[in-house]
Protein chains: 2
Amino acid sequence: MSRPKQVTIVEVAAAAGVSIATVSNVLNRGGIRSSKETIRKVEMAAEQLGYRRNTMAAGLSRNKTFEIGLIVPGLTSYYGRLAEFLQLEAHHAGYHLSVFSSGGFDPTIERRNLEVLLQRRVDGLICHGLAMGKDSTRAIVNSGTPLVLINGWGWPEDIAVGAVNLGFAEACRQSTKLLADRGCDSLIYVGSKYSNVIDEQRRNGFHLGLGQLPEEIPHRIVEMKELDVDAFLREVMAGTAQRTGIIAFDDHVALKLLSAANRQRIDFPNHLQMISINNDYMAKHSYPGISSWDIPYELQAQMAIHKLLHKFGHSVEASEEREFEVPLTFIERETSGLTDTK
Amino acid sequence: MSRPKQVTIVEVAAAAGVSIATVSNVLNRGGIRSSKETIRKVEMAAEQLGYRRNTMAAGLSRNKTFEIGLIVPGLTSYYGRLAEFLQLEAHHAGYHLSVFSSGGFDPTIERRNLEVLLQRRVDGLICHGLAMGKDSTRAIVNSGTPLVLINGWGWPEDIAVGAVNLGFAEACRQSTKLLADRGCDSLIYVGSKYSNVIDEQRRNGFHLGLGQLPEEIPHRIVEMKELDVDAFLREVMAGTAQRTGIIAFDDHVALKLLSAANRQRIDFPNHLQMISINNDYMAKHSYPGISSWDIPYELQAQMAIHKLLHKFGHSVEASEEREFEVPLTFIERETSGLTDTK
DNA sequence: CTGTTAGCGCGTTCAC
DNA sequence: GTGAACGCGCTAACAG
């Protein structure tokens with residue numbers, strides 16, 4: 001059941017009384033310019049017939065699709081917003097972005113999406129981390145299609161032309177320092193192995209921060225998935241610490257902890273303090289408000305797209321560093337000692 | 001700067017010592033089957049040369065893309081998850097889904113996305129609501145590309161082949177009834193005009209529910225955007241009602257109200273009760289837990305994709321109703337009277 | 001079973 | 001400034 005045949009430039013040419021080459025010239029400006037009269041005729045004919053350019057034919061003929069493929073682990077929270085900004089940025093440059101989710105970090109879906117995108121002959125690829133191994137990726141991507149990584153650390157040059165990474169480690173390092181400054185005499189990082197590379201960055205920052213403290217502080221690292229939140233908090237509060245500081249993997253983790261703390265009537269920020277990452281809606285609108293690190297989505301999206309455009313030969317300025325680090329911004333709220341001014 | 005030429009079936013044919021038609025036959029099964037020997041030779045050649053099918057050429061030639069386009073207002077929360085499920089469902093049927101966000105309900109971006117998708121000659125379209133007017137849509141979509149609406153009420157047949165709608169009205173009707181049953185002697189719907197059609201459905205349900213109560217109850221409708229949440233709650237609690245029931249547009253709205261209530265130490269569920277819609281992460285993990293209506297993402301995605309497949313001629317069973325309504329499921333938590341059992 | 005051939009819709013030379 | 005002719009990579013009829 002093929003679609004009822006669409007209007008082509010042939011018919012537009014006939015209706016306008018010119019040749020197809022002329023129509024092509026008129027309809028994508030760039031080339032030779034035609035007489036005002038011809039232009040008008042062609043545009044009218046196209047309009048009336050409801051002509052719509054066939055991307056496939058165009059792409060096939062010029063060997064360029066003006067399409068960028070995006071593969072992210074999911075489409076919620078951070079990933080969703082990132083996708084929106086990337087799409088905006090791409091459009092801004094005359095490209096369009098096709099978004100694919102690899103359903104959690106499933107390598108099978110990921111490589112299927114990659115394959116689809118490469119078969120479409122996208123001009124460029126943006127991927128968030130990569131669940132597949134390096135060899136596997138290399139084997140697939142070696143088609144000359146430039147690939148930019150989002151939050152991918154230490155990938156070899158023959159795979160990715162660049163990476164735009166969020167400064168998670170630095171954020172965690174500073175959080176550690178800050179919580180200690182605020183008088184916490186015990187520190188805990190609550191991570192989420194769901195996203196391994198990212199969790200690792202945070203852990204690194206946590207350790208770095210601990211190492212830089214004037215004196216050693218008791219600390220632990222726990223995993224959210226293996227945690228009975230209520231029991232965990234009860235245990236923490238029963239400990240010897242006067243004031244415990246928690247660094248949460250992200251606002252989702254933080255909200256869970258916060259609710260359990262509320263249920264146990266734990267006093268923020270006197271007995272417990274918390275800082276998390278993402279500065280999601282729920283960090284801002286929970287009670288008490290969760291101190292969190294804000295993500296510069298627009299900047300990150302710009303960097304990523306520009307890296308690609310640069311590779312395409314568009315004269316845009318793009319950072320020369322292959323791995324560019326985007327800093328987060330701390331938004332302080334009540335869970336880390338900001339007084340509730342409301 | 002064209003991409004370094006890719007491997008084509010011509011080269012595979014040469015390497016395998018067969019004709020291009022044979023290669024084409026082997027590489028996409030469906031058609032005539034070839035001798036074991038030929039198949040092996042072709043597949044080996046393809047593998048070694050790193051052949052990757054060119055979707056554009058295939059689509060052009062067969063006038064069918066196996067691509068479905070999705071346009072949603074955004075990629076967070078409900079929309080993001082919906083997109084994920086749709087993608088899964090599409091893949092399941094041998095299609096792939098290209099996701100486009102129209103950045104809030106911007107009609108300009110929306111029509112640009114639509115245009116891009118139609119230029120790609122997608123086989124089908126799925127749109128969430130539609131910010132553009134009916135005439136505008138009709139003018140654009142009249143290309144024979146089937147369009148299925150998600151949460152679109154009352155669209156004419158010549159635009160959309162069908163719609164899969166969530167039962168927001170029914171959920172709100174029942175919520176109204178339920179809050180009254182729980183002893184609320186004052187009811188408020190807190191809406192969000194951000195998404196007009198959807199807000200309207202909820203309001204309708206609210207009114208319907210009010211009309212079916214044994215006796216009339218004081219009620220109001222307010223808009224979240226125009227609300228100073230703290231002042232609003234203070235005013236509500238200062239009123240004559242013994243127990244106020246709130247129906248929130250969604251969990252985002254609910255969380256905001258909940259935090260303000262917590263700040264004012266308002267007693268859930270004795271003085272205030274609340275029910276919202278979406279059953280997001282934050283509904284489950286806030287304190288107290290927010291009673292909310294759960295969305296059957298998978299079912300909704302299936303219905304939408306199947307409607308398209310049916311139109312494509314794939315023999316799948318699809319509901320005959322043009323507007324299919326998917327019911328929500330109530331998840332009761334502490335904000336509507338469920339005792340905190342923790 | 002396999003090879004030949006004619007398009008699919010558009011971009012791009014070249015001559016005119 | 002305009003038109004005819006060829007090629008992009010692949011599929012679909014036929015023919016052999």
Side-chain angles (χ1 to χ4, degrees), chain A residues 1-42 45-46 49-67 118-123 143, chain B residues 2-43 45-46 49-67 118-123 143:
Chain A
M1 191 194 265
S2 306
R3 177 196 345 276
K5 214 169 127 301
Q6 305 266 74
V7 184
T8 76
I9 46 171
V10 178
E11 309 168 46
V12 175
V18 296
S19 84
I20 57 166
T22 308
V23 174
S24 181
N25 277 336
V26 171
L27 262 33
N28 29 284
R29 299 292 183 274
I32 313 94
R33 59 162 136 278
S34 322
S35 72
K36 292 288 173 199
E37 188 50 23
T38 326
I39 294 184
R40 208 186 48 74
K41 280 196 302 187
V42 171
L49 273 64
Y51 167 75
R52 186 146 30 216
R53 193 163 184 256
N54 185 323
T55 308
M56 294 180 286
L60 196 54
S61 157
R62 60 161 68 183
N63 193 32
K64 166 97 182 164
T65 56
F66 289 97
E67 177 177 13
L118 289 175
Q119 289 192 6
R120 300 191 76 76
R121 301 294 191 266
V122 292
D123 292 334
S143 52
Chain B
S2 310
R3 178 195 343 275
K5 211 168 130 303
Q6 305 265 76
V7 183
T8 76
I9 47 171
V10 179
E11 308 169 45
V12 176
V18 295
S19 82
I20 59 167
T22 307
V23 174
S24 181
N25 279 336
V26 171
L27 262 33
N28 28 284
R29 297 292 183 273
I32 312 92
R33 59 161 137 276
S34 322
S35 73
K36 294 287 173 200
E37 189 48 26
T38 322
I39 294 184
R40 207 186 49 74
K41 279 195 304 188
V42 171
E43 282 179 342
L49 273 65
Y51 168 75
R52 184 141 35 210
R53 190 167 182 243
N54 185 324
T55 308
M56 294 180 287
L60 194 55
S61 157
R62 58 162 65 182
N63 195 31
K64 166 95 182 167
T65 55
F66 289 96
E67 176 177 14
L118 289 175
Q119 289 191 8
R120 299 187 77 77
R121 301 294 191 268
V122 291
D123 292 333
S143 52

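Here is the naming used below: chain letters follow the sequence lines, and residue numbers restart at 1 for every chain.
- Between B:Arg120 and A:Arg120 the shortest side-chain heavy-atom distance falls below 4.5 Å.
- Atom-to-atom, CE of A:Met56 to C1' of C:dC10 comes out at 11 Å; the value is rounded to the nearest Å.
- In this entry the distance linking CD of A:Gln6 with C1' of C:dC10 reads 14 Å, nearest Å.
- Checked against C:dG3, D:dG9, D:dT2, the side chain of A:Thr38 finds its nearest nucleotide in D:dT2.
- The residue A:Val10 sits apart from the nucleic acid: no heavy atom pair falls under 4.0 Å.
- Closest contact between the side chain of B:Thr22 and the listed nucleotides C:dC8, C:dT2, D:dG3 involves C:dT2.
- When rounded to the nearest whole Å, the span between NZ of B:Lys64 and P of D:dA12 equals 12 Å.
- Remark: B:Arg53 is in phosphate contact with D:dT11, judged by side-chain N or O atoms under 4.0 Å from OP1 or OP2.
- Of the possible polar contacts, one joining the A:Asp123 side chain to the A:Thr65 backbone as a donor-acceptor pair under 3.5 Å is found.
- The interatomic distance linking B:Asn54 (CG) with D:dG9 (C1') rounds to 6 Å, in whole Å.
- Checking the phosphate oxygens (OP1, OP2) of D:dG9, no side-chain nitrogen or oxygen of B:Ser61 falls inside 4.0 Å.
- With rounding to the nearest 0.5 Å, the separation of CD1 in A:Ile39 from NZ in A:Lys41 is 11.5 Å.
- Phosphate contact (OP1/OP2 of C:dC10, side-chain N/O of A:Ser24, threshold under 4.0 Å): absent.
- Between B:Asn63 atom CG and D:dT11 atom C1' there is a gap of 12 Å when expressed in whole angstrom units.
- Going from atom CZ of A:Arg52 over to atom C1' of C:dG9 covers 15 Å, rounded to whole Å.
- Going from atom CD1 of A:Ile20 over to atom C1' of C:dT13 covers 13 Å, rounded to whole Å.
- B:Arg52 contributes atom CZ, which lies 7.0 Å from atom CZ of A:Arg121 (distance to the nearest 0.5 angstrom).
- Note that the two end axes of the helix from C:dC1-D:dG16 to C:dC16-D:dG1 enclose an angle of 40°, each drawn from 5 base pairs, rounded to 10 degrees.
- Contacts of A:Ala58 with the nucleic acid, taken as non-hydrogen atoms under 4.0 Å apart, involve only primed sugar atoms and P, OP1 or OP2.
- No side-chain heavy atom of B:Glu67 sits less than 4.5 Å from a side-chain heavy atom of B:Thr55.
- Taken from CG in A:Asn54 to CG in B:Leu118, the straight-line distance is 11.5 Å, to the nearest 0.5 Å.
- Taking the side chain of B:Ile9 as heavy atoms from C-beta on, and the options D:dG3, D:dC10, D:dG9, the nearest nucleotide is D:dC10.
- Nearest-nucleotide mapping onto DNA chain C: of B:Val18 and A:Ala57, the residue sitting toward the 5' end is B:Val18.
- For the pair A:Phe66 CZ and C:dG11 P, the computed distance is 11 Å after rounding to whole Å.
- Closest approach of B:Arg53 and B:Arg62 over heavy atoms only: NH2-NH2, 3.6 Å.
- In this structure, the separation between OG1 on A:Thr22 and CG on A:Leu27 is 11.0 Å, given to the nearest 0.5 Å.
- Picking from D:dG9, C:dG11, C:dG9 the nucleotide with the shortest atom distance to the side chain of A:Thr8 gives C:dG9.
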